[in-house]
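Presented below is the structure to which this report refers.
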Amino acid sequence: MASVFRPGALALITGSASGVGFAFAQHCRRQGMHLALIDNNASALQKASQVLSTTRSTDKLQTLTYDMDVSDISAWSKVKSELSSKFSNIDLLMLNAGMSIRTSEPWSDPEYFHQTFSVNFFGIVHGLTTFLPMVQSASGPSAIVLTGSKQGITNPPGNPAYNATKSAVKTVAEQLAYDLRTESSSIYAPQVSVHLLVPGWTFTGLSGNQGPVPDEEALAKKPHGAWLASQVCEYGVKKMAEGKFYIICPDTDVDEALDQARMTWGAGDVVEGRSALSRWDDKYKNEAADWISKEASRRRGGQ
Ligand SMILES: NC(=O)c1ccc[n+]([C@@H]2O[C@H](COP(=O)([O-])OP(=O)(O)OC[C@H]3O[C@@H](n4cnc5c(N)ncnc54)[C@H](O)[C@@H]3O)[C@@H](O)[C@H]2O)c1
Ligand SMILES: *[C@@H]1O[C@H](CO)[C@@H](O)[C@H](O)[C@H]1NC(C)=O
Ligand SMILES: CC(=O)N[C@H]1CO[C@H](CO)[C@@H](O)[C@@H]1O
C-alpha cells in the first residue's frame, strides 16, 4: 500500500511545536510534504517553522502555522477557511496536542477536569469534526493519528483527569476506525486508516524539554529510561506501514512484553472481579507484580 508520507501530500499536526508532534512534522518534511502546524506556544511554533523550512529545500513546499488553542472551536473554523483555500484535502491529520495539569485536590476541583478535557479530548473532537471531510476526500491513502497514552489504558492512580482524557481518546479512536471501515456507516472511507499512537516515556515538553529541540541536545539531557520523540516517530511510522491501529511504543525501561503483560493484568481486573486498579492495591500488588513479571518473560520467550 502507498504511504501517506509522500511528496506533495499535506500533513496537519497539532502540538507540532515540540516533542512528538514536532518529530512527526520533521519526518513529514523529509518526505517532501506540505505542513500545517498548530500550536498555542507562539514562540516555539515560530522556531519549529524555521527549523522545518531549512530541513529540506522548500521551494515548492508550504509551511503554514496557526498559533491557536485546540480547545477553541472558532479558531478551528478559521483554520478551515484558510487551509481549504489552498488545499483541497488533508493526507495526514495528526491530533496530538496534549497537556497535564497538576492539582493537589482533584476531587474538589471541577475546573481541572474541564480544562484537561477541553484540550486533550475536545481538541481532538474539534480537529475531527472540522477536518474529517478533507481527509476523506484525499485521492490516495490518508491517515488519522490520535495521540493517546498508556495512562489511558493501564490508568495508574494520581492524575485522574489526564488519565480519563486519554482513555476517552482511545474510545473515540476505536469508534472512528470502526465507522470509517464499515460500509453502512455515513462516513465510510476505507482508504482512511486510523491509528492510536501511544508513546511510552518520552523526553518532551511534558518532562522539561519544551520546543523544537534538536536530538543531539535532547540526548545529552534526557533521563536514561526515556525515549526521544524522534524514536516514537520512527516506531510509529513503522507500525503505520504495517497497518497497525494500536501503536504502543516501548521505551528504554519498558519493553513491549512488559506493556503487554501490564495491559493484560489491567483487563483482568474486570474479568476476574478484582478491586479497581488492583496493581496498586496492597491486597493484590504482590500477586500482580509476580504475574506480570512471569507473563512478560513468557512473552519474551515466545517472540
Ligand atoms: N511525553 C510522554 O512521555 C508522553 C507519554 C504519553 C503520551 N504523551 C502525549 O503525547 C502528546 C504530545 O506531547 P509531548 O510529549 O510531545 O509534549 P510537548 O509538550 O513537547 O508537546 C505538546 C505540544 O502541544 C502544545 N499544546 C498544549 N496545549 C495546547 C493547546 N491547548 N492548543 C494547542 N497546542 C497545545 C504545546 O505547546 C506543545 O508544543 C500529548 O498528547 C501527550 O499527552 C506523551
Ligand atoms: C514555549 O516554548 C518555549 C520553548 O521554545 C519554552 O521555553 C516556553 O516555556 C514555552 N511556553 C509555554 C507557555 O509553555
Ligand atoms: C501526564 C500525566 O499527568 N499522567 C498521569 C496519569 O496519572 C498518573 C498517576 O498519577 C501520573 O503518574 C501520570 O503523570
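For the numbers below, each heavy atom of this structure counts, side chains included, while hydrogens, waters and symmetry mates do not.
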Salt-bridge criterion met for Glu295 and Arg299 (N-O under 4.0 Å)
yes
Taking every heavy atom of Ile90 against every heavy atom of Leu93, the minimum-distance pair comes out as CG2-N, 4.1 Å
Main-chain N/O of Ser278 paired to Asp269 side chain as donor or acceptor, under 3.5 Å:
yes
Should we count NZ of Lys221 as having more than 12 external heavy atoms under 6.0 Å?
yes
Hey, are Asp215 and Ser230 close enough side-chain-wise for a donor-acceptor pair under 3.5 Å?
yes
Taking every heavy atom of Gly15 against every heavy atom of Ala97, the minimum-distance pair comes out as N-CB, 3.7 Å
Where the side chain of Thr171 meets the backbone of Ser167, is there a donor-acceptor pair that is under 3.5 Å apart?
yes
Sub-4.5 Å side-chain heavy-atom contact between Pro190 and Arg181:
no
Rounded to the nearest 0.5 Å, the NE2 atom of His224 sits from the CG atom of Asp251 at a distance of 10.0 Å
For atom CD of Gln31, decide whether the heavy atoms of other residues, nucleotides or ligands shown that lie under 6.0 angstrom number more than 12.
yes
Just grab all the ring-ring contact (aromatic ring centres under 6.0 Å, His included) pairs involving residues 191-212, residues at least two apart or on different chains.
none
Nearest 0.5 Å please: distance from the CG atom of Asn96 over to the CZ atom of Phe24.
8.0 Å
Might you point out which heavy atoms bring Thr116 and Met99 nearest each other, and give the distance in Å?
CA-CE, 4.0 Å
Side chains of Pro157 and Trp280, heavy atoms from C-beta outward: is any pair under 4.5 Å?
yes
Crowded around Lys239 NZ? As in, over 12 foreign heavy atoms under 6.0 Å?
yes
Tyr188 and Leu180, any side-chain heavy atoms less than 4.5 Å apart
no
Examine distances only and state if a side-chain atom of His126 and a backbone atom of Val70 form a donor-acceptor pair shorter than 3.5 Å.
yes
Do Asn163 and Thr165 have side-chain atoms, one donor and one acceptor, less than 3.5 Å apart?
no
Counting N and O atoms only, with roles assigned by atom type, does the side chain of Thr65 sit under 3.5 Å from a partner on the main chain of Leu37, one being a donor and the other an acceptor?
no
Pair Leu132, Ile144 - check side-chain contact (heavy atoms from CB on, under 4.5 Å), show working.
CA-CA 9 Å; Leu132 194 53; Ile144 298 173; 3.6 Å; yes
Group every Ile, Leu, Val, Met, Phe, Trp and Tyr by side-chain heavy-atom contacts under 4.5 Å, then state whether Phe113 and Val119 land in the same group.
yes
If hydrophobic clusters are built from ILVMFWY residues whose side chains come within less than 4.5 Å, do Val172 and Tyr178 share one?
no
Any ion pair linking Lys170 and Glu174 (charged N to carboxylate O, less than 4.0 Å)?
yes
Going hydrophobic residue to hydrophobic residue with side-chain gaps under 4.5 angstrom, can you get from Val125 over to Ile187?
yes
Under 4.5 Å between any side-chain heavy atoms of Val135 and Leu92, yes or no?
no
For Thr63 and Arg29: C-alpha separation, side-chain torsions, deciding distance, then whether side chain to side chain donor-acceptor pair (under 3.5 Å) applies.
CA-CA 9 Å; Thr63 307; Arg29 177 45 49 85; 2.9 Å; yes
Charged N-O contact under 4.0 Å between Asp290 and Lys294
yes
Okay, side chain of Ser185, backbone of Asp179: is any donor-acceptor separation there less than 3.5 Å?
yes
Could you please spell out the steps behind the side chain to side chain donor-acceptor pair (under 3.5 Å) verdict for Ser275 and Asp281?
CA-CA 8 Å; Ser275 58; Asp281 182 342; 2.6 Å; yes
Tell me the closest heavy-atom pair linking Ala17 and Ala48, and the distance in Å.
CA-CB, 3.9 Å
Would you indicate whether Glu111, at its atom CD, is surrounded by more than 12 heavy atoms from other residues, nucleotides or ligands within a distance under 6.0 Å?
yes
Distance from Met68 atom CE to Lys78 atom NZ, nearest 0.5 Å?
9.5 Å
Please find the pair of heavy atoms, one from Lys150 and one from Pro199, that lie closest to each other, and give the distance.
CE-O, 4.0 Å
Do any N or O atoms from the side chain of Gln191 and from the backbone of Ser142 form a donor-acceptor pair under 3.5 angstrom?
no
Show your working on side-chain contact (heavy atoms from CB on, under 4.5 Å) between Ile153 and Ile248 and close with a plain yes or no.
CA-CA 10 Å; Ile153 303 174; Ile248 313 292; 4.0 Å; yes
Closer than 3.5 angstrom, by distance alone: can the side chain of Ser3 be matched with the main-chain N or O of Phe5 as a donor-acceptor pair?
yes
Which value, rounded to the nearest 0.5 Å, describes the distance between Leu35 atom CG and Met33 atom CE?
7.5 Å
Any sub-3.5 Å donor-acceptor pair from Ser18's side-chain atoms to Gly211's backbone N or O?
yes
Is it true that a side-chain atom of Thr147 and a backbone atom of Val198 form a donor plus acceptor pair closer than 3.5 Å?
no
I need the Ser16 OG to Gln26 CD distance, nearest 0.5 Å.
11.5 Å
Calculate, to the nearest 0.5 Å, the distance between atoms NZ and CG belonging to Lys166 and Leu146 respectively.
9.5 Å
Measuring only between side-chain heavy atoms, which start at C-beta, is Met94 closer than 4.5 Å to Leu197?
yes
For residues Ile124 and Leu12: do they belong to one hydrophobic cluster (side chain heavy atoms under 4.5 Å, members Ile, Leu, Val, Met, Phe, Trp, Tyr)?
yes
Go through the steps to decide whether Leu196 and Ile247 satisfy the test side-chain contact (heavy atoms from CB on, under 4.5 Å), and finish with yes or no.
CA-CA 6 Å; Leu196 180 68; Ile247 303 178; over 6 Å; no
State plainly whether the residues Arg6 and Asp91 are in salt-bridge range, i.e. N to O under 4.0 Å.
yes
In the structure I gave you, are the side-chain heavy atoms of Asn209 and Thr204 within less than 4.5 Å of one another anywhere?
no
With side-chain contact (heavy atoms from CB on, under 4.5 Å) as the criterion, how do Glu82 and Phe87 come out once you've worked through the C-alpha distance, each side chain's angles and the decisive distance to 0.1 Å?
CA-CA 9 Å; Glu82 263 189 61; Phe87 292 92; over 6 Å; no
Counting distance only, does the side-chain N/O of Ser193 pair as donor-acceptor with the main-chain N or O of Ala143 below 3.5 Å?
no
Among side-chain atoms of Asp109 and Thr103, is any donor-acceptor pair under 3.5 angstrom?
yes
For the residue pair Ile38 and Trp76, establish whether any side-chain heavy-atom pair is separated by less than 4.5 Å.
yes
Is it the case that one hydrophobic cluster holds both Trp291 and Leu277, taking links as side-chain heavy atoms less than 4.5 Å apart, direct or via other members?
no
Could you tell me if Asn159 and Ser100 have a donor-acceptor pair between their side chains, going purely by distance under 3.5 Å?
yes
Considering non-hydrogen atoms only, spot the tightest contact between Val169 and Gly148 and give its length.
CG1-CA, 4.3 Å
Would you indicate whether the side-chain heavy atoms of Tyr66 and Asp39 approach each other to under 4.5 Å?
no
